[in-house]
Amino acid sequence: MSQPLLFYALSLLAIVGAVGLLMFKHPMNAAMSFAVTLIALAGLYGLLSATLVFAIQLIVYAGAIMSLILFIIMFLNIQPDDLPDESGYWYYLAGGAAALTPLALLLLYGINSLSVTSTPEAPPGFGTIKEVGVVLFTDWLLPFEIVSILLLVALVGAVVLAGKREGGND
Amino acid sequence: MIEHALYLSVALFCLGVLGVITRRNVFVVFMAIELMLNGANLGFIAFARLHESMDGHVLALLVMAVAAAEAALALAVIILLHKHKGKLDTNVFNLLRG
């Protein structure tokens, strides 16, 4: 029965990582901090009995996307004086927090009005690859195909954008 | 537990919006957008658990695919902008203003 304890520890880790993302000046530190958030979120998915999404989160987000971001940050070789001047950070933070508070309160009110009290027991097989696959390839077939086209477009676009040579047809 | 997961998803989303508003480093802005996507994903997973339906999981997977596509394109654009301007400041990137 250590599940609630684990849940709160992972939640705290996720929040700390997200705050670190906002606070660290160098993008490398911010990216490492964000990786902590992603891995903690994977653990939370596991606790919410979403086993497939847990694995995909670790492989795609914490693995592929984060290593791509880290690779690009290292590729650009960012020195401390390349970093933008962020002198007005606290003013923006205060303004943003003030602007965001109504939205956050509205969302919290919405969650409260759901009045979720107890966690129902997950049915057997919930969140496994078979259950998700059946829904994905019956009810969500069209979005799935559209996403495949989107990935192809993104692939071609990334190659065209990043593969441009200096002084070429630009 | 589900209620607290939903609170956490709201908190992560709001932190992501704050990151986009406050930071001027283009990498951090990009990662803050990813943070917003993750907050929404946690909401999908929590609601799927609440309603015992798999649709939330499928949506979360689709969001991850979109995030991967976005990462590939956004990083290509960042490389181009860095080559062009030599800076990472979002205020310098004003090409569309003409």
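Numbers restart at 1 for each chain; the letters A, B, ... are given by sequence-line order, proteins then strands. The figures here come from the full heavy-atom set of this structure, side chains too, leaving out hydrogens, waters and symmetry mates.
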| request: Could you tell me which of Ile79(B), Val77(B), Asp55(B) has the largest number of non-hydrogen atom pairs under 4.5 Å with chain A? | output: Asp55(B)

| query | Measuring heavy-atom distances to chain B, does Leu76(A) have an atom under 4.5 Å in its side chain, in its backbone, in both, or in neither? | reply | both

| Under a 4.5 Å heavy-atom cut-off, does chain B meet the side chain of Ser11(A), its backbone, both or neither? | both

| OG1 on Thr138(A) to CZ on Phe144(A), rounded to 0.5 Å | 12.0 Å

| task | Side chain from CB out, backbone as N, CA, C, O: work out which of these in Ala30(A) comes under 4.5 Å of a heavy atom of chain B, or both, or neither. | result | both

| Which bit of Phe47(B) comes within less than 4.5 Å of chain A, counting heavy atoms only: side chain, backbone, both or neither? | side chain

| query | When heavy-atom pairs shorter than 4.5 Å are enumerated against chain B, which of Val153(A), Leu114(A), Leu21(A) gives the highest number? | reply | Leu21(A)

| query | When heavy-atom pairs shorter than 4.5 Å are enumerated against chain A, which of Leu59(B), Leu35(B), Val17(B) gives the highest number? | reply | Leu35(B)

| message | On a heavy-atom basis, which atom in Ala67(B) and which in Glu34(B) lie closest, and how many Å separate them? | response | O-OE2, 3.8 Å

| field | Residue from Ile69(A), Ile65(A), Leu38(A) passing side-chain contact (heavy atoms from CB on, under 4.5 Å) with Met31(B) | value | Ile69(A)

| said: I'd like to know which of Val132(A), Leu107(A), Leu52(A), Thr37(A) tops the heavy-atom pair count under 4.5 Å against chain B. | reply: Val132(A)

| chain B heavy atoms under 4.5 Å from Leu48(A): which part of the residue, side chain, backbone, both or neither? | both

| request: Starting from Ile146(A), walk the hydrophobic network (Ile, Leu, Val, Met, Phe, Trp, Tyr; side-chain heavy atoms closer than 4.5 Å) and list everyone else you reach, by chain and number. | output: Leu142(A)

| query | Checking Ala99(A) against chain B: side chain, backbone, both or neither under 4.5 Å from a heavy atom? | reply | neither

| request: Check each atom of Phe24(A) against the heavy atoms of chain B and say whether the ones under 4.5 Å are side chain, backbone, both or neither. | output: backbone

| request: Answer with side chain, backbone, both or neither: which region of Val147(A) has an atom nearer than 4.5 Å to a non-hydrogen atom of chain B? | output: side chain

